[in-house]
Structure formats: structure tokens, C-alpha cells
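Have a look at the structure below before the remarks.
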Amino acid sequence: MSERSLPEKPASDSPAPPAKGKGVSKGKVAPRPQQIRGAMRLKPKAEKQDTSQAAAPESYADQTAAKRKALGGEGYVRFRVRVDEDGGATVVGSHYVDSTLIEPSAIHGNFVYEVTEDGKRLHLDSIPDLGVFRSFVNPDGPPEERQHHIYELKTYEFDARVPAQGLAAAALPKVAIALYRVKEARPDMPVGARPIRIQYERELREIARVDGVSPRVLPEGMQRQRREPKGSGRR
Amino acid sequence: MPDSVTQIRNAGPVGSKRNLAILGDGFTAADQTTYNNWVQSAVLGGVLGNDYFYEDASAWNIFRVNLASSDSGVSQRTYNADGTIASTTLKNTALGMIFSGSWSHCWMEYGTGTETAIVNALNKWVPDYNFVLVILNEPGYGGCGGNGRAHVTTGDGWAVIAHEFGHGLGGLADEYCNSGAFTSGEPSVVDLTINTNRATLKWGNFVNPTTPIPTGSGNCSDYNQGTKPATWDDNQDVGLFEGGGTKNTGVYRPVINCRMNSNTPPYCPVCYTSFKRQYDTYTGHTFLKCYAADFNGDGRSDVLVHSGNSIQTFRSNGSQLDLIFSAVERVPGSWQFQPNDQFFVGDFNGDGKDEVAVFNGVDWVMPYLGLLADDGSGGLRLVARYDGDIPGWGGFAKNDLFYVGDFNGDGKQDLFVFNGADWSMTYVGMLRSNGSSFSFIKRFDGDIPGWGGLARNDKLFVGDYSGNGKADLFIFNGDDWSMSYVGMFSSTGTTLQMTARYDGDIPGWGGLARHDKLYVGDFDGDGKSDLYIFNGDDWSMPYLGMFRSTGSGLQMSHRYDGDVPGWGGMARHDQFFPADITGDGKTDLFAWNFDDWVTEYLGRMISNGSALTASYIGDWVGEWNLGAGDHFETCNFQGGTIRPPRRPRGKPDLFVHNRDWFGMIRGNPGFALQKIYYRWIHNYRYGRNW
């Protein structure tokens, strides 16, 4: 029970103790309005309104968004990576996306990529479906067509995303994009601090890798930043 | 018509969601309405309007790109039996796709410029994409999917596209059989296996121990190992059935018939759960904000879950909850959901079903008040909205506080509104519902006659203490004056009149104090709302008082000093939730304390009309591990007794929820956990997702 020094209530049949609080007691009428930050803010006079409201519209206009502060340090780069027949991989394009990128906490699906700088993760994400095309089943066709026709793609592309801030601070020659096939999926594959090739050595198989990212494949704005003299913010 | 993009679902920033880009080919400017309608019906209404994708709508942004082709329809190609091209008829279309109708050529193929056209369109019109759906203006059946894209025709039904999404977005395998035997090792996909060992079966947690393993053996088997139970559901009961991945034998699928088998059934539990786990991060769903409401008027409490810019409603059948409605960003009408929306549940139109008043004072350029009502198909739509003000109130403000009560006794719940923070004086308003809108009735500027001045920290409590069917107000102030006050204000239907004011004390209480907490409930069942008052802070021991309403004042029925018999000692942070737990028409109390003892306690304090008897449970309610983050909503998810008109229905149950967990707790005759859900509300026939 409480160790504070507090009084005990008087018995139910005893009168209450006198008020001990500071300030005024209520009177019969309200006190005067108080200024808020030096200004009197009062509602306009209330007037009886016509309560027979017109029928509501089928749909109201969009609510008006408040101005929000620009969020600094956000945005990410989407690299387009081409995987060749021999497993070689190259970055063939990039786009800057003005949005915060969230990283999944677990691996799902049949493929996963990880972007690292010198072994330290910048981002990863799962890819459910890669490297094949499937023709839809032909429900009215001969038996052999009542399944997908699978086409293995000799070359294919996928998108790898990485937070712009992390990329801007990274030594590009040390940035790697690795694509893994999930050989042995488990229902729960949480992502830890270590690179996934180490954490899931048994479950993953690397199938393509980009070692080093050329400044030339960065989005134009980031290329410009890189050409400028190195500032103190660069590590 | 220039090309354009329309974000037809804005679930959130692209980097925190998954993004579906839809492109059309072979649609001229004049065909764009056809294209839009097809997207609406087949994609939004079909694929994304059913089972998993409907439930997790908040994970998915959808961008519809309108590309005007010069020609209507797409290029056509025919093949000879030997696979050589027989003929090609080219059309000038935005993406240059060629339809062949040939299964062995993926039904369609890219023209020379198609890949570039797709990439250019995506880069130009869509901020980001995780999956691309290309729709051909072609009435013939066919489709080609893979590698992050699906290409379909307007001749395809939505179910076949949903199957393809199972591959493209779920990474799921086919579960149908076609021919031959599977001879490879364990598939990496979640929905196929060669493992017949129950103990290590990858979906074994969904298999009832009474179900034989394998469940179906032999060529693309049904249930053939023993007698198939009469209640067996071919889509939702999980076992181990031979045949899948297009092979007849040597590999097993989890259910007899999933969407990955024959397109039209919903995803089976294994596939559904795989989707849920894969995209749960992107939904933004939590159970932090839950509201009990009876949306269909069956006497059972349903639940509304609000997460960020989405809501879901789940209907109780008495023992479990099932998804009824899922909306992201807005509901028709329109109300756009935001994280700081406040919801107020009540039967605002007197139809026996609950509606939802919603207020947002901070996320928009001005405060908004809306009324959401039944959309006729189990969902909600906006029926009235007030932008910045309701005429007469003088402007909504950030700190407006709303309270639900039928102050004119017409069977339709109304709203009281209070603001003690944003203006130079404190205001109380009365907003009457006519069933489809609110109208301003009365405003009290700085005072309700007799109260001696509304003050910043006045706290309002709604209850019909006069027993006339009109919701009245109790007001408590423990902060702004030299003593604490309780006022009783009866509603005439159009105004409030002070019935009584207690200055510093209610006889028998021994002194109102700053941290008195008021709880309204008719604890003697006489039709008049009474008051429980608790104080755990201001005295050397906690006190709980029961004050009976006479209609014109309060009379103390009982005061508990330090304990309510059976509770084991009241403590400073005891919390109470008034509810008619036993269904006898008397308001009891659920009691909760997570702070003062070595473990958490949940209690029942049952009123006999003038006194309480308590019991409690500690630490666990069944599998529910009581914790500091738990929140409770009194409710009646079991349904049953409906009290006479104007008498509150019993609320013997509790919804309990925290960030990741949601539970249904029965409170009568004792506490028992009915159901527990983790991360999402779904009723597996057997097993669970954790």
C-alpha cells in the first residue's frame, strides 16, 4: 500500500474535512473568460440553427490535408538489376523514390536479395517469383495443356531497393547486391543483424551478385551530389 | 487523350507498402472507360475484393496507368502445329503486345518494343511497383505470368488472375495434378511437400491430430485414408493429399481444393497464412485501437479495428469473430481515415444497429466530424460530414471531446461535446442526431446555470440518472478549484438543467478529492444511472464509493475502505470498467490492476443493488497472459439476453487487446478465454498462426 503520508478519510457518517486546495471556490456564476497566450479566444455567438439539414451529398469532397513538414533524409533508390544466363549481374538502371523504405523483418518467398556495403546490410527484401514465365492453364485444352507451360528465362531482371541516405554515405565499390534462391523455406525466417548469407547459410543459395556499384548508374541527382566536393557529412 | 495514372488505392507511402501497377494495352482513348471498368470489376472487385487481398487491402497501393493505344485491340499471331509462325497481324498499341491464344507460347508475347514500353511507362507514371499487371484488350482467354508481372486478357475471369497472383505475389506453387510422378527433393514452396512425417510436416500445425497422415494417398487423391468426417471442409481442413505441383503422385498438397488448385475456392489455410506473414509488415495493422459495436443488430458485439488509415470490422457469431469489412484510406461517402481518428460508437439512427461517429481534430487542415453507417452490405459508408464546424457550435477545435448519449430520448444516440482547452472559456454543446445527420441544439458558454462556471478540467460522464430515457450529464472537477465538485445536469431534450451540485463532498464519501474517478452505471437496476467513485491517490488507502441516484441527487449506498470483499485489497492504480456482467440489469464492475502487484489482476465486482462482491483472476486468463499493454472493451460478444427497451443490454464479456494480440474473454459466471488471435483475426479449422 501507499507509503506516502496521506490522510485517512473520515468515517462515512462524519463530515468531510474542509477544502485544502488553493484558489477560489465555485460561486453561483461563472468566472470571467481567461486569455490564451495574451488573446481572448471566444466562439462566435451561438444562434439557433435550422436543423432541417439538406440531404447529404452522395459523396463529400476530399478532406483537406494539413501542410506537413518535409521529412528529411528519406527516399530510396530502386536499382534495376539484370541477371544473365551465366549468373552475372549488372545494374541497368536506377530510380530515386521519394518515400521512406521499410525493411521486412523476415524472409518470405522463393528469392531474396540483400544490398550490403562491405558486408554490412543496407537493405534486403524478398521476391516471390523470379526467372520464369508461366502460361495460364488451358482449361479446355488437351491434357498436357491443363497445367502451366513454364518458360525459364535466360536473362531476367529484378528490382533492388536501398535507402538513399545509406547509399549516399556508402563507398560504392564496396556495395554489393546479392540475389539468393531460398532453397529450403521455413515458415519463420527472421532477419538478424548478420548478413543473411551467413545467417541462413543452409537455406539460401546465391544465384547472382553485383560487386560494386558505379556512380554512373545512380539516379542523376545522386550522381551530381557525388561529383561535388566531399563535405563533412561524408564519412 | 493523354496518358495518365490514377492511384486507385492509396494505402500509404510506396516504400512502406507493396505497390501494384496496372497497365493496359490495346485500349484506345475511346476504350479507356472499358479499361477502367474492367480494372474496377475484375481487379478491385474480384481479385482484390476477395479473401486474402480484401483482408489486407491496407498493404497494397494500386496505380492504374491509362495508356491510349492508336488501335483498339492487340496484335494477333497464329502458330502452325510445328510452332512456326503462321501469321501476324500487327496493331499500333501502347505496349505492342501480341496475343496468340497459344498455350505453348504463353498465350501472348512481347513485341519488339514491349519491354521498353513497359519499363518506360512504369518509370514515367508509377513511383514504385512490386508487381505489374498488364491487361490486354482481347476477349480471348489466356494469360502469361511470372518474373514480377502478370499479363491477362479482358477475357479472363478474376479467379484465374487470383490464382496467378498466388504465384506472382505469394510465391505459391500449383496444387493441381496433371500427370506423372514428382521425383525431386523437398520443394521450397510452402504449399507442397514430399514429407509424410506428421512431426516434421511443414504445415503440421494446421493438421488436426485425428486427421490421418497422409490423408489422401494415390493418384491426385481426395480424402481416402479412413472415413472423411462429415464436417470436413475441402478448402479449409488441412491434411496431406497426394498430388500437386502438376504431378499426380510423389508430392503432397495441404488441402483437397485450394485456389492454387482450381482457382475459385479461397486460399487454403497454408496459402492464406503464407500471404499474411509475407505482407503483414506492410498492412500497418495493430490491435491497439479496437471498438466494440453491434453492427448488425443481432445482440452480439462485433469489433472495429482501426490502424492508421484503415479499418476492419469483424462480426461475432457468439464464439468467434469473422472479417466482414475492410477499408483502407476511405469509405464511400467519403471519410478518409487517419491515425488520429477518434471513433464513437452508438445507435445514432435508432435502427438497433450501431453506427460510428468519427472525429479528427489534428490530421487535417481543419477538424472533421463524420457519421458512418451501414452501407447495406455489412460495411460502413459516410452519411454525414461536418467540415470544421457544425453550425451553431462555433467551430470544431483540436481538443473537442465527444460523448455519446440519447439526450432527447428519441431512441437515437446523440453527442455531447466539450472543449476546455482551445478557447478562452469552456464550452459544452449538444448535437442531436436525426438518424442521418447531426444538428446543433444548444451550447453552454462558460457555464451551465448553477454549476458556477465550466472549467478547463471538467470531466463529463453520460448517464440517465433521472431515469426518463434521456441521457443526462455528471460533471466532475477536481483540478480547477479549491475543492472538488460533482454536478448533475438533467437533459430536457433541448437543454441541460442542474439538478444538484456537490461542493467538496457527497454525504458519506468523506470528501471529494482531486483524483476521484467517476464511473457511471445503474448498479441498483432501478433505471437510473448511479455513480461509482474510486480514489486511489489522495488518501492513505484507496476508496470505492457507490452513490445511488434518486433522480434528484445522490445517496451513498456503500463505501469500501481499502478493499472490496473478494478483491484482495484495492490499490492505487485499480481501473474499473462498468458493465452489467451478470445480465440482471445492475451495472457491475470489471476491475483491472497491472501496476501495483507482482502480477496482474482482472476482477469482477458484482452488484446486488447496494453492495459489491468481488472475485479475481491473476496473471493469465486461459492462454491470455495479462500484461501492462492490455486494453479492455466491455461487450457482449456471446449475445443472448436483450433487456427491455431503454435498459442497457448486459455486457458480460471483454475484448482484450494490445499491439499484437486480441482476445475474447467471457466474464460470466467467471473469467474464461473464448478466443485468442495473434496479429490477425482468422479462425483456422485447426491450429493457429503462431
Side-chain angles (χ1 to χ4, degrees), chain A residues 2 6-10 12 16-17 19 21 23-28 30-31 33-36 40-44 46 49 51 53 56 59-60 63-64 66 76 78 95 97 99-102 104 108-110 128-130 132-136 138 141 145-147 149 153 156 182-185, chain B residues 13-16 103-104 106-107 123 127-128 142-147 160 167-171 178 188 190 246 277-278 281 333-334 336 364-365 368 383-385 391-392 394-395 423-425 427 437 439-440 443 446-447 452-453 481-483 485 504-505 508 510-511 539-541 543 559 572:
Chain A
S2 172
L6 293 168
E8 192 169 329
K9 273 200 185 217
S12 291
V24 297
S25 302
K26 271 183 187 273
K28 291 191 174 175
Q34 302 290 310
Q35 290 188 339
I36 293 180
M40 195 64 78
R41 294 194 66 218
L42 295 171
K43 286 183 183 250
Q49 302 291 319
T51 58
Q53 178 174 318
S59 186
Y60 290 84
Q63 289 148 251
T64 309
Y76 62 90
R78 182 182 74 231
H95 249 72
V97 181
S99 175
T100 301
L101 183 65
I102 64 169
H108 298 279
N110 301 318
D129 185 27
L130 198 61
V132 296
F133 270 143
R134 288 172 299 273
S135 61
F136 283 15
N138 184 359
E145 294 189 7
R146 293 184 188 174
Q147 60 181 322
H149 190 290
L153 299 174
Y156 54 90
V182 181
K183 178 174 179 285
E184 203 172 302
Chain B
V14 292
S16 62
W103 172 84
S104 58
C106 218
W107 302 93
N123 287 340
D128 201 359
C144 184
N147 211 48
V160 70
H167 296 303
L169 291 169
N178 185 266
S188 65
V190 297
T246 76
R277 286 188 173 134
Q278 200 165 338
T281 304
S334 74
Q336 295 163 261
W364 302 99
V365 73
Y368 289 88
V383 295
R385 198 180 80 191
W423 305 92
S424 291
M425 67 171 76
Y427 295 89
S437 64
S439 54
F440 170 79
R443 192 179 85 192
D447 196 18
W481 308 93
S482 61
M483 68 178 86
Y485 295 86
D505 193 25
W539 308 94
S540 59
M541 70 176 83
Y543 293 88
R559 191 181 92 179
R572 183 178 179 196

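In the text below, chain A, chain B and the rest are named by the order of the sequence lines, each starting its count at 1.
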Which heavy atom in [X] sits nearest to a heavy atom in [Y], and how many Å separate them?
X	Y	answer
B:Ser334	A:Ser59	N-OG, 3.8 Å
A:Pro44	B:Gly394	CD-O, 3.7 Å
A:Asp129	B:His167	CB-O, 3.5 Å
A:Tyr76	B:Gly15	CE2-CA, 3.6 Å

Given that the side chain runs from C-beta out, which part of [X] has a heavy atom under 4.5 Å from chain B: side chain, backbone, both or neither?
X	answer
A:Arg146	both
A:Lys9	both
A:Asn138	both
A:Phe133	both
A:Gln35	backbone

Q) chain B: which of A:Asn110, A:Leu130, A:Thr64 shares the most heavy-atom pairs with it under 4.5 Å? A)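 Winner by heavy-atom pair count: A:Thr64.
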Q.
Under a 4.5 Å cutoff for heavy-atom pairs, which residue among A:Gln147, A:Gln63, A:Met40 has the most contacts with chain B?
A.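 The option with the most such pairs is A:Gln63.
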Mark yes or no for whether [X], through its side chain, and [Y], through its backbone, hold a donor-acceptor pair below 3.5 Å.
X	Y	answer
A:Arg78	B:Pro127	yes
B:Trp103	A:Gly141	no
B:Tyr427	A:Leu42	no

Of all of [options], which one pairs up most often with chain A through heavy atoms under 4.5 Å apart?
options	result
B:Gly142, B:Gly171, B:Gly145	B:Gly145
B:Val160, B:Val365, B:Asn147, B:Thr281	B:Asn147
B:Cys144, B:Gly333, B:Gly508	B:Gly333
B:Gly511, B:Cys106, B:Gly504	B:Cys106
B:Asp447, B:Val383, B:Asp128	B:Asp128

Q: For the residue pair B:Pro13 and A:Thr100, establish whether any side-chain heavy-atom pair is separated by less than 4.5 Å.
A: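 The answer is no, as the side chains (C-beta and beyond) never meet within the 4.5 Å cut-off.
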Q) So do A:Glu8 and B:Tyr543 actually touch side chain to side chain, heavy atoms under 4.5 Å? A)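 Yes, at least one pair of side-chain atoms sits under 4.5 Å.
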Q: Below 4.5 Å from any heavy atom of chain A, which atoms of B:Val14 appear? Answer side chain, backbone, both or neither.
A: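 For B:Val14, backbone and side chain are both near chain A.
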**Q.** Contacting region of B:Arg277 [heavy-atom separation from chain A under 4.5 Å]
**A.**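 Both parts, backbone and side chain.
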Can you tell me how far the [atom1] atom of [X] sits from the [atom2] atom of [Y], to the nearest 0.5 Å?
X	Y	atom1	atom2	result
B:Ser188	A:Lys183	OG	NZ	9.5 Å
A:Tyr60	B:Gln336	OH	CD	13.5 Å
B:Ser16	A:Ile102	OG	CD1	5.5 Å

